[in-house]
**Student:** 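A single structure is presented below for examination.
Side-chain atoms are counted along with the backbone in the values below, which use heavy atoms only and exclude waters and symmetry mates.
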Amino acid sequence: MSTVELDQPDLGGKTVSGLSWQMFASVVSFVARFGLGIVLARLLPPEDFGIVGVALIVTGFATTLTELGLGPALIQRKEISERHIRVCVTISASLAIVTCLVLYGSAGAIASFFRDARVAPVLQVLSLSFVLSGFGITGRALLTRRLAFRESVLIQMVASILGYGGVAVVMAALGYGYWSLVGGTLAQALLSTVLTYGAARHSLRPLVDRAAIRDLAGFSAGMSLTSVVNYFARQGDYFVVGRLTSAASLGLYTRAYTLMTLPLTFIGSALSQVLFPSAARIQHDQDRFRRAYLTAFGLSVAVSLPISLGVSVLAPEVILIIYGQPWAPAIPLLQILALFGMFRMSYNTAAAFVRARGQAYRLLFSQLVYATLVVGGSWWIIPRAGLMGVSWVVGGAITSMWLLVVVFANRSAGVRIGEFVQVLASSAGPPVLLAGAFYGLVMAMRAIAVPSLAVLLGGGLLFAGTSLACLYYQARRVGHPAVDSLLTRIHGLVSAVSHRGQRFSRTTAN
């Protein structure tokens, strides 16, 4: 019986390489998703996004049940055999087929629950994506286990940009409406599975082995519970808005929420992937752990707060110029949600240090609180205040979750409340002052009828430049060797680009 062991040689080099690829993928994915979002929003009305959004709420929940944490269980085990791989393939594929059949048969009832008959055929077609993606679960886990980050990143980028983006945009341009989003989703699932299997090359022979199932079940059960709770925490507001309002309202709300989280998600994800393993390595050195936590948290606030406030101030220009007049009702939603973006991103930073201490159930508790507040609060507020009320409720829930995790992280790191407030004030103070001045500038530009595009580009670039200068100064104050080294490299890169630009200008002038 062959075994597959964790590859220990050159582990550090592979990890660094993996982090580099993740950072690269974050930038490319951000640009691609933002660009595709603009194109599709120009081609399709908000209602189309809402119809498919309702179906994706259901398929997203079904996905958490289908995977059952088997992929992470393969990654977590020190040694696996071909039996474990074949069992994972068998169970994942079987559950995917069963889920497809259940969703197909219950599509009508689900559409009735959401009071939109158009959801039924969309859900029936999307159920096929489970058959496609179910066979890719094992391959993705094996690539991650082998630390094959480059292959994983390239596969997901190709599947997202060419599969989803290419198919969805072409179909939307040809007039297929919301079916273009369905076609893009299926194309992405198919391309991802085919490419993943081509890279992983594992056995597809079915096998039911009790011993192998027991080996994987213990860890996978805990992961499944966490995934289910996390899904409700992230999708609770979508569920309630889709149930109590219209497809058009859901489309507007999801677009506003996506705009709020899009830049912060990619930055926060990259930070979390770096901070978690790094913090875990020093978790037994209390002083280093405390200093690392305060440094990382302060910098995450300094990065995320200007983005959040800038998006809130420029929300009218962002929505109208990028997406067009049909999306104008999303402006106040984005203005409210963006105010809480900093809490969403810095939550990830604090959570990385809580996980590093092995306190996963504290994070689970924070997600339970968040899900309860979002679902219960949204259900209560919609009849009274509509989508704007939901935005404030979700913002309050994000803040509550942030407070809980910050308390857990402070306790784990041994940080006193006064020390934490000092770090928070020094990191948040300059961005808040800059945002106040920026808000006054933008209001003045609007008052004298400066074109919206000039407000977005001129004002946005000015605020971004001053915010980056402020962040650079704060990072220099940290005095950490790793931070100083990174800043020196960035400074050298900027100087090189500036020097080449000056040479090009002189050459052109001559």
Side-chain angles (χ1 to χ4, degrees), residues 22-23 25-38 40-41 46 49-50 52-53 56-57 60 156 160 164 230-242 249-273 300-315 318-319 322-323 327 330-352 363 366-367 370-371 373-375 377-378 387-388 390-402 405 431 460 464:
Q22 290 292 343
M23 291 292 291
S26 294
V27 174
V28 174
S29 297
F30 168 74
V31 174
R33 284 186 59 182
F34 189 62
L36 288 173
I38 294 174
L40 290 172
F49 286 89
V52 179
L56 291 178
I57 293 172
Q156 296 311 312
S160 177
Y164 178 81
N230 183 55
Y231 179 78
F232 274 111
R234 290 183 292 106
Q235 301 289 327
D237 47 347
Y238 288 8
F239 173 81
V240 177
V241 171
S249 296
L250 179 60
L252 291 168
Y253 179 78
T254 55
R255 180 57 48 186
Y257 192 90
T258 300
L259 276 175
M260 181 270 286
T261 59
L262 190 58
L264 301 173
T265 296
F266 290 116
I267 298 173
S269 175
L271 279 175
S272 296
Q273 291 168 2
S300 70
V301 171
V303 170
S304 60
L305 189 55
I307 297 175
S308 300
L309 297 178
V311 170
S312 181
V313 172
L314 290 173
V318 170
I319 294 293
I322 295 178
Y323 295 116
W327 295 89
I331 291 174
L333 310 182
L334 178 58
Q335 288 175 317
I336 297 170
L337 289 169
L339 294 174
F340 302 93
M342 182 274 289
F343 297 104
R344 168 64 79 182
M345 176 176 162
S346 56
Y347 162 86
N348 291 332
T349 301
L363 297 179
S366 71
Q367 291 175 353
Y370 175 71
L373 291 175
V374 167
V375 175
S378 298
L387 293 181
M388 290 185 64
V390 174
S391 300
W392 284 112
V393 164
V394 171
I398 291 173
T399 306
S400 300
M401 180 176 65
W402 178 85
V405 174

**Student:** Which pair of heavy atoms, one from Val405 and one from Ala351, lies closest together, and at what distance?
**Tutor:** CG1-N, 3.7 Å

**Student:** Please round to the nearest 0.5 Å and tell me the distance separating atom CG of Asp237 and atom CG of Leu373.
**Tutor:** 12.0 Å

**Student:** So, taking the atom named CG in Asn348 and the one named CZ in Phe343, what distance separates them when rounded to the nearest 0.5 Å?
**Tutor:** 14.0 Å

**Student:** Got a second to check how far Leu252's CG is from Ile331's CD1, nearest 0.5 Å?
**Tutor:** 10.5 Å

**Student:** Using the test ring-ring contact (aromatic ring centres under 6.0 Å, His included), find all partners of Tyr164 that sit at least two apart in sequence or belong to another chain.
**Tutor:** none

**Student:** Looking at every heavy atom in both Gly53 and Leu250, which two are closest together, and how far apart are they?
**Tutor:** C-CD2, 4.0 Å

**Student:** Minimum heavy-atom separation for Leu334 and Met260, please, with both atom names.
**Tutor:** CD1-N, 3.9 Å

**Student:** Please examine the side chains of Val241 and Leu387, heavy atoms only from C-beta on, and report whether any two atoms are closer than 4.5 Å.
**Tutor:** yes

**Student:** Check side chain to side chain contact (heavy atoms under 4.5 Å, CB included) between Ser391 and all other residues, then give those that pass, not counting sequence neighbours.
**Tutor:** Tyr253, Leu333, Ile336, Leu337

**Student:** Would you please name every residue forming a side chain to side chain contact (heavy atoms under 4.5 Å, CB included) with Val313, sequence neighbours left out?
**Tutor:** Phe438, Tyr439, Val442

**Student:** Tyr323 and Ala41: which non-hydrogen atoms are nearest, and at how many Å?
**Tutor:** CD2-CB, 3.0 Å

**Student:** Go through the structure and list residues passing ring-ring contact (aromatic ring centres under 6.0 Å, His included) with Phe49, not counting sequence neighbours.
**Tutor:** Trp327

**Student:** Can you tell me how far the CG atom of Leu36 sits from the OG atom of Ser160, to the nearest 0.5 Å?
**Tutor:** 6.5 Å

**Student:** Which atoms form the tightest heavy-atom contact between Ser366 and Leu363, and what is the distance?
**Tutor:** OG-O, 2.7 Å

**Student:** If the condition is side chain to side chain contact (heavy atoms under 4.5 Å, CB included), which residues does Leu339 pass it with, not counting sequence neighbours?
**Tutor:** Leu309, Ser312, Trp392

**Student:** Listed by chain and number, what are the side chain to side chain contact (heavy atoms under 4.5 Å, CB included) partners of Val240, not counting sequence neighbours?
**Tutor:** Leu244, Val375, Ser378, Trp379, Ile382

**Student:** Minimum heavy-atom separation for Ala256 and Ala330, please, with both atom names.
**Tutor:** CB-O, 4.0 Å

**Student:** Compute both the distance and the angle, then confirm whether Arg344 meets the cation-pi test with Tyr257: under 6.0 Å from the six-membered ring centre, within 45 degrees of the axis.
**Tutor:** no

